[in-house]
Each structure stands twice: as C-alpha cells, then as structure tokens.
*Asks:* 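Quick one: structure below, then a few questions.
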Amino acid sequence: MPTLFTKIISREIPAKIVYENDHVLAFEDIHPQAPHHVLIIPKIEISTLNDLTRENASYIGEMMLAAKEIASKLGMSSKGYRVVMNCNEDGGQTVFHIHMHLLGGRAMHWPPG
Ligand code: AMP
C-alpha cells in the first residue's frame, strides 16, 4: 500500500532531499534524533523487512551504498555513524515502506533503548 514515502518519491509531499539515484531516495528525517538523521528509501514499495525476497534484495545493497556515500558527504566516515532499520511494532516501525535511518554527528550509545 502506498505510504507517505511513496508521495515523497513522487514529490507530492515535500522533503529535504539529500541524495537520489535510479534505485533510492534519501531525505532528512522530520524529527531528527541526531545532528544528522537521514532516511534512505528504495524507489519501490516494500512494506517491511519481512517482505524482502531474492528478487528485491538488491535494493538493500543500494541503500547501504547510499548510506556510505551520504555519510562521507556529511563528514562522518572516520568518526562513525549508525544505520538502523526498524521492523513492525516491536522494532518501532511507523512508516510501512522500508527505510534506513542514517544517524551521526554525535556518539551513539549501545545497547539502544
Ligand atoms: P520508523 O519509525 O522506523 O518507521 O521511521 C519513520 C521515520 O519517518 C520517523 O523517524 C519519522 O520522524 C519520519 N518521518 C515521518 N514523516 C516524515 C516526513 N514527512 N518527512 C520526513 N521524515 C518523516
């Protein structure tokens, strides 16, 4: 089912886009949890990580490559950053179009809350 992220891809809803290629789109999270908080989404509808298959799994690699590139552009490569994907209720997923959170610009804690 289309979500607001599909509408960001089609530009029906505005977003601060920081990166785009044929496979993925990345934009600033509206409620940042770190000085840098970017969401990286595939340009196809995959609701949750449970819907990942051999046929669509290459999008995960594209999302990771985008995360690496954006982190570099934001100057986070050497100090570090975190990439998170939430799945369903216990994972804290609220938008059902898979996405990676790229977080950085401050030290992250482990384990997460
Ligand atoms: P999750 O909880 O993992 O599903 O993450 C969804 C994320 O989308 C949250 O961090 C929200 O702050 C973010 N978000 C919701 N609406 C928007 C929007 N219109 N533009 C940018 N980020 C959004």
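Indexing begins at 1, ligand by ligand and atom by atom, following the structure's order.
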*Asks:* Mind checking whether Ile40 and Tyr81 sit in one hydrophobic cluster, side chains of I, L, V, M, F, W, Y counted as touching below 4.5 Å?
*Replies:*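 Cluster IDs for Ile40 and Tyr81 match.
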*Asks:* Taking atom CG as the centre, does Asn50 end up with more than 12 heavy-atom neighbours from other residues, nucleotides or ligands that are less than 6.0 angstrom away?
*Replies:*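 Atom CG in Asn50 is crowded, with more than 12 foreign heavy atoms closer than 6.0 Å.
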*Asks:* With a cut-off of 3.5 Å and sequence neighbours excluded, list every side-chain donor-acceptor pair involving residues 67-77.
*Replies:*
none

*Asks:* Please tabulate, line by line, the atom pairs linking an N/O of ligand 1 to a protein N/O at a distance below 3.5 Å, with the distance in Å to 0.1, or answer 'none'.
*Replies:*
residue  : atom   : partner : partner atom : Å
ligand 1 : 2 (O)  : Gly92   : O            : 2.8
ligand 1 : 2 (O)  : Thr94   : N            : 3.4
ligand 1 : 2 (O)  : Thr94   : OG1          : 3.0
ligand 1 : 3 (O)  : Asn86   : ND2          : 2.8
ligand 1 : 3 (O)  : His99   : NE2          : 2.9
ligand 1 : 3 (O)  : His101  : NE2          : 2.8
ligand 1 : 4 (O)  : Thr94   : N            : 2.7
ligand 1 : 4 (O)  : Thr94   : OG1          : 3.2
ligand 1 : 4 (O)  : Val95   : N            : 3.0
ligand 1 : 4 (O)  : His99   : NE2          : 2.9
ligand 1 : 5 (O)  : His99   : NE2          : 3.0
ligand 1 : 5 (O)  : His101  : NE2          : 3.3
ligand 1 : 10 (O) : Asp29   : OD1          : 3.3
ligand 1 : 10 (O) : Asp29   : OD2          : 2.5
ligand 1 : 12 (O) : Asp29   : OD1          : 2.5
ligand 1 : 22 (N) : Ile30   : N            : 3.2

*Asks:* Which residues satisfy the ring pair (Phe, Tyr, Trp, His ring centres under 6.0 Å) test with Phe5, sequence neighbours excluded?
*Replies:*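 Result, ring pair (Phe, Tyr, Trp, His ring centres under 6.0 Å) vs Phe5: Phe27, His99.
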*Asks:* Can you list every pair that meets side-chain hydrogen bond (donor to acceptor under 3.5 Å, both in side chains) and has a residue in residues 12-27, with sequence neighbours left out?
*Replies:*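 Checked against side-chain hydrogen bond (donor to acceptor under 3.5 Å, both in side chains) - neighbours excluded - the pairs reaching residues 12-27 are Ser10-Glu12, Arg11-Glu20, Tyr19-Asn21, Glu20-Lys43.
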*Asks:* Taking Tyr59 as the fixed residue, which of Ile44, Leu52, Ile41 is the one that meets the side-chain contact (heavy atoms from CB on, under 4.5 Å) rule?
*Replies:*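 Running side-chain contact (heavy atoms from CB on, under 4.5 Å) over Ile44, Leu52, Ile41 with Tyr59 returns exactly one hit, Ile44.
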